[in-house]
Amino acid sequence: MAYRWFHLGFALLVSAGAMTTIACTAPVGSHGEQAVGTVSLPLVTSAGGDYRLDNAVFTISSGNGARVATLDSESDPDAETLTANLFQGPYTVRLESGWVLARIEADGTTSPVSAALVSRNPQSFEIDASVTTDVSFTFTTGQGTVSLGDGSIDIGFDVAPSEGLSQCNLLSSSYCPSGQTCLLADSSGRTFCASPGSLPVGSPCSSDQCVAGAQCLKVDPEDPEQGTCVKFCRVSATTFGVNCLSLGLPDSNIGFEGPAPEGTCDLLAQTGCAEGEACQYAGGSFATCGIPGTTPPGGACSGETCGAGYQCYSGTCRKICDTRTPYPGTSGCYSCSNVGTGNAGRCSNY
């Protein structure tokens, strides 16, 4: 999806001074009064077009991390601003995952658009009797499709990206400010930094609110309009359990983790194979089914000559074990070694 970058003006307006609220005393002064400030969060903007932020939940925490207020746009769907009164001091505000940016059409109806939050999240501000702080949430928007074909991704975009976005590395967060992640902007491979959300890899999505290292892309050929949070990967790398499909970018080494190819099986559980077959690993990123051999446990081997549940490792048939239990102490397996095949390790003694 292509992104058009602009400042939407969903500004967090913070001010403090002579205010009084229920359960709060008057501003600090010679009589020991306490200062109170107002936090104002507009939900509607006309910057770069008419937009509204729906399903928006803002969590406000004090300087020590304690949650002091939660503002929800759906508590009053017609409201154009959310407000809260706070005592003087430092705070942070976080826009929680689940927000929807919608374009306000000429007839007053709204249409959700694909978007990414490019400003820091959470952001810090301070209630002070002498200053007004403007903390803004900035988004990118754009429309586009990503379709799967021939083992790669062909990306079409209909909105040119802004020249103001900085480049980053899709496979490393070190090129972005702390707390942000790198996202793809267009089919030329242009990238930008944005604040990640909390949607795990594999989740359905409509905007970029996926966890760091992932992006909302339309990659399902059976449902080409549905976005999915997919994780970026390096096509040239051989990682067990990862089917890295090319995105078709100028940098052909950038891909995403696709579903496991047909014919693969679970090496640890020994499932996914027909009767009489065993799940075996002969190299590459996945285990495959094959006919088990007859070499006994601990016997000398070469290739797939071991029985079901065993693997030829360093010339010896060794039992496949679970690395999450490195010292199982059962079935005579003293320790389970990680040999680069995920949780499916090899028993050290046989």
Side-chain angles (χ1 to χ4, degrees), residues 1-15 39-61 63 69-73 80-84 86 90-103 112-127 131-142 159 161-170 173-186 190-199 205-216 229:
M1 56 201 72
Y3 284 99
R4 181 161 54 100
W5 177 65
F6 55 89
H7 177 76
L8 285 184
F10 286 106
L12 174 72
L13 301 178
V14 184
S15 60
V39 176
S40 179
L41 293 136
L43 298 173
V44 178
T45 182
S46 58
D50 293 326
Y51 289 88
R52 178 179 180 85
L53 195 60
D54 292 325
N55 294 331
V57 176
F58 294 93
T59 301
I60 301 175
S61 301
T70 300
L71 303 179
D72 188 345
S73 65
E80 295 189 357
T81 305
L82 301 176
T83 60
L86 302 171
Y91 295 91
T92 62
V93 57
R94 175 186 292 276
L95 175 59
E96 303 293 349
S97 294
W99 52 265
V100 176
L101 186 64
R103 181 187 295 109
V113 298
S114 179
L117 176 63
V118 296
S119 54
R120 291 178 180 272
N121 191 34
Q123 295 194 56
S124 301
F125 66 95
E126 187 162 350
I127 295 288
V131 299
T132 298
T133 304
D134 183 359
V135 180
S136 300
F137 288 92
T138 305
F139 299 80
T140 64
T141 68
V159 180
S162 168
E163 295 299 322
L165 294 174
S166 299
Q167 294 278 351
C168 51
N169 188 322
L170 291 168
S173 61
S174 62
Y175 292 81
C176 288
S178 177
Q180 293 201 321
T181 190
C182 189
L183 298 180
L184 184 65
D186 61 26
R190 184 175 174 80
T191 55
F192 65 95
C193 295
S195 292
S198 60
L199 294 177
C205 55
S206 58
S207 286
D208 281 309
Q209 301 181 57
C210 308
V211 295
Q215 184 167 0
C216 185
C229 288

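Keep in mind that this is a model prediction, so the values were computed, not measured.
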Interatomic spacing from [atom1] in [X] to [atom2] in [Y] - rounded to 0.5 Å:
X	Y	atom1	atom2	result
Gln209	Ser195	CD	OG	11.0 Å
Ser73	Phe58	OG	CZ	7.5 Å
Leu71	Thr81	CG	OG1	11.0 Å
Asp72	Asn55	CG	CG	8.0 Å
Thr92	Phe125	OG1	CZ	7.5 Å
Arg94	Gln123	CZ	CD	11.0 Å

Inset, instruction - Using only the SG atoms, establish whether Cys205 and Cys216 come within less than 2.5 Å of one another. - result: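 Bridged: Cys205 to Cys216.
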Inset, instruction - In a single word, yes or no, tell whether Cys182 and Cys176 have an SG-SG distance below 2.5 angstrom. - result: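 Taking the criterion (SG atoms under 2.5 Å apart), Cys176 and Cys182 fail it, so no.
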Report yes or no: does [X] contribute a side-chain atom to a donor-acceptor pair with the main-chain N or O of [Y] at less than 3.5 Å?
X	Y	result
Ser198	Ser97	no
Asn169	Tyr175	no
Gln167	Thr191	yes
Arg120	Ser178	yes
Glu96	Thr59	no
Thr181	Ala212	no
Gln180	Val118	yes

Nearest non-hydrogen partners of [X] and [Y], listed with the distance:
X	Y	value
Tyr51	Val113	CE2-CG2, 4.1 Å
Ala194	Ala116	CB-CB, 4.4 Å
Ile60	Tyr91	CG2-CD2, 4.0 Å

Inset, instruction - List for me each residue that meets side chain to side chain donor-acceptor pair (under 3.5 Å) alongside Ser174, sequence neighbours excluded, and say none if there are none. - result: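 Residues passing side chain to side chain donor-acceptor pair (under 3.5 Å) with Ser174: Ser172.
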Inset, instruction - State, yes or no, whether a side-chain contact exists between Pro90 and Ser124 at a heavy-atom distance under 4.5 Å. - result: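 Counting from C-beta outward, Pro90 and Ser124 never come under 4.5 Å.
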